[in-house]
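Here the structure is laid out as structure tokens; the discussion comes afterwards.
All of these numbers come straight from a predicted model, not from anything done at the bench. Read the numbers this way: they start at 1 and go in the same order the structure lists the ligands and their atoms.
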Amino acid sequence: MHYYSHTDINLKTTFKDALLASLANDGGLWMPSVIPSFSESELINLAAMNFSDCAAHLSEYFVSNQLNNKTLNKICYDAYNFKLPIKTTLGDEQNPNVTSNSQDYILELFHGPTLAFKDFAARFMARCTSELLSKSIKRKTILVATSGDTGGAIGDAFLNQKNINVIILFPKNGVSKVQEQQLCTIGNSYSNIQAVKVNGTFDDCQKLVKDAFSNKSMSKKFSLMSANSINVGRVIPQSFYYLWSSLQVKATNPKLPIVYSIPSGNLGNLTGGLLAKKMGAPIDRFIVGNNANDPFVRYLKSGNYNPLPSIPTLSNAMDIGRPNNFPRILELYSNNYENITEVCKGFSFSDSETEIHIKKIFNETGYLMCPHTAIGHLAMIEYRNKNRTDFIGVTVATAHPSKFTENVDRIIGHKTEMPDTLKSIFKKKKIYNTISPNITELEAILLNSIL
Ligand SMILES: *Cc1c(COP(=O)(O)O)cnc(C)c1O
């Protein structure tokens, strides 16, 4: 088992080098050469495990001897020390022995420390990186662009890790108030995490990262590593919760097909789901929810892929004009449009549709969704309306609604209580630098960080 570049199958590397180098030399995305495929009896065993054990078991296949089983077990237990509930929209927790007749589930992936699903990948990735670098004296710099949630998750996961600096680029006016507070209070002036506000959009931040990586001398001088979902180390752990949760749902409802709906931006989460399906997860299909930035939904409808500059929406973590995992999805399905559209269906929604839905579900059931999750749920409903057969729908809830409290409170018309973890960050003072979207200014920040 090795990793190969999606643009050149002969460019091969190990898990360690794929993780640490992020991109192949030809700029291609690393792909696993073999995706394990589990038999019925192996799936039954996996279903009976708790999530951490299941994750540790799956990761053995992808890490392929570079970390031993004992280490992987420790990594997964340490990374996944929070709950992973499968709920109905009525809000009653049913994890995992689903007893009601509901066919509408919510998989809440936002109970990690930064309250977004990105904790699942970030915490696994950080622990693997630190194990793999433990004998190295070389310092790495993680340069990460964030549309809101990645920066917080990566910063939190890598805080105080030896031999690693993290520079988080976030767009001015592009992230929520809570997200900005989170990003800018992770470390202190002496810690290894630094937030940088870029006077520009998320696309500008992503371009700065790209330019820094493709600048050979810069990339070498600072030993740059990406923690965005171009890094295969981000995508692999995102398959674990699809495999595990679908097995739990299947166990309680063996007869009906299972459909997942994923609110999507860079398509990293969807790629994790597609990997899980290839491993044998009992998932019939994936529904993709996009906001006004909907290049993938348009591709599914027309067969044409037309990335556009991103525009700001209420679901800011999905304001992606050019999803960076699109090539991985093509690769997983050998560029076969028919096969992709068989597995993936997509719908997009405006901000006003999102607002109406958040309010409606809250008024009807008391369940409060973040704007991203609301788009996933809307997409699920749209698919159900178009599709007359019975199925179990699982909507992936990607963030806690309180991360978007200024909008969510306005939409439902009253103030909601924040979880304690968020209240405490508002007691801290924000620390960040500001730059224009220009590589020289970024280089100055990088230089300063290695002093
Ligand atoms: C990052 C993010 C998404 C989009 O995930 P992708 O893997 O980029 O498609 C959706 N919702 C939330 C809350 C996010 O933070």
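Checking Ser436 against Asn199 by side-chain atom types alone, no donor-acceptor pair falls below 3.5 Å.
Nearest protein heavy-atom neighbour of atom 11 (N) of ligand 1: Thr398 OG1, 2.8 Å. Given atom 4 (C) of ligand 1, the protein heavy atom at minimum distance is Gly265 N, 3.6 Å.
Cation-pi contact between Arg123 and Tyr80: absent, since separation from the ring centre below 6.0 Å together with deviation from the ring axis within 45° is not met. In this structure, Lys278 is positioned above the aromatic face of Tyr333, its NZ or CZ under 6.0 Å from the six-membered ring centre and within 45° of the axis.
When heavy-atom distances to ligand 1 are checked against a 4.0 Å cut-off, Asn266 comes that close through both its backbone and its side chain.
In summary, the atoms of ligand 1 found under 4.0 Å from a heavy atom of Gly268, numbered by their order in the structure, are 6 (P), 7 (O), 9 (O). Within ligand 1, the atoms closer than 4.0 Å to a non-hydrogen atom of Pro263 are 4 (C), 10 (C), numbered from 1 in the order shown. Proximity to Asp149 (heavy-atom distance under 4.0 Å) selects the following atoms of ligand 1: 12 (C), 13 (C), 14 (C), 15 (O). In summary, the atoms of ligand 1 found under 4.0 Å from a heavy atom of Asn269, numbered by their order in the structure, are 7 (O). Within the listing of ligand 1, atoms 1 (C), 2 (C), 3 (C), 14 (C), 15 (O) sit less than 4.0 angstrom from a heavy atom of Lys118.
Aromatic rings from Phe296 and Tyr305 are positioned such that their centres are separated by 6.0 Å or more. For Tyr61 and Phe38, the ring centers are positioned less than 6.0 Å apart. For Phe120 and Phe240, the ring centers are positioned 6.0 Å apart or more.
An N or O contact shorter than 3.5 Å is missing between Ser264 and ligand 1 by distance. No N or O atom of Met318 sits closer than 3.5 Å to an N or O atom of ligand 1.
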Taking it one step at a time, do Lys360 and Glu364 satisfy salt bridge (charged side-chain N to carboxylate O under 4.0 Å, His left out)? CA-CA 6 Å; Lys360 175 171 179 276; Glu364 285 174 1; 3.6 Å; yes
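At a 4.0 Å cut-off, at least one heavy atom of Phe117 sits close enough to ligand 1 to count as contact.
Among the candidates Lys118, Gln179, Gln182, the single residue satisfying the side-chain hydrogen bond (donor to acceptor under 3.5 Å, both in side chains) test with Asp149 is Gln179.
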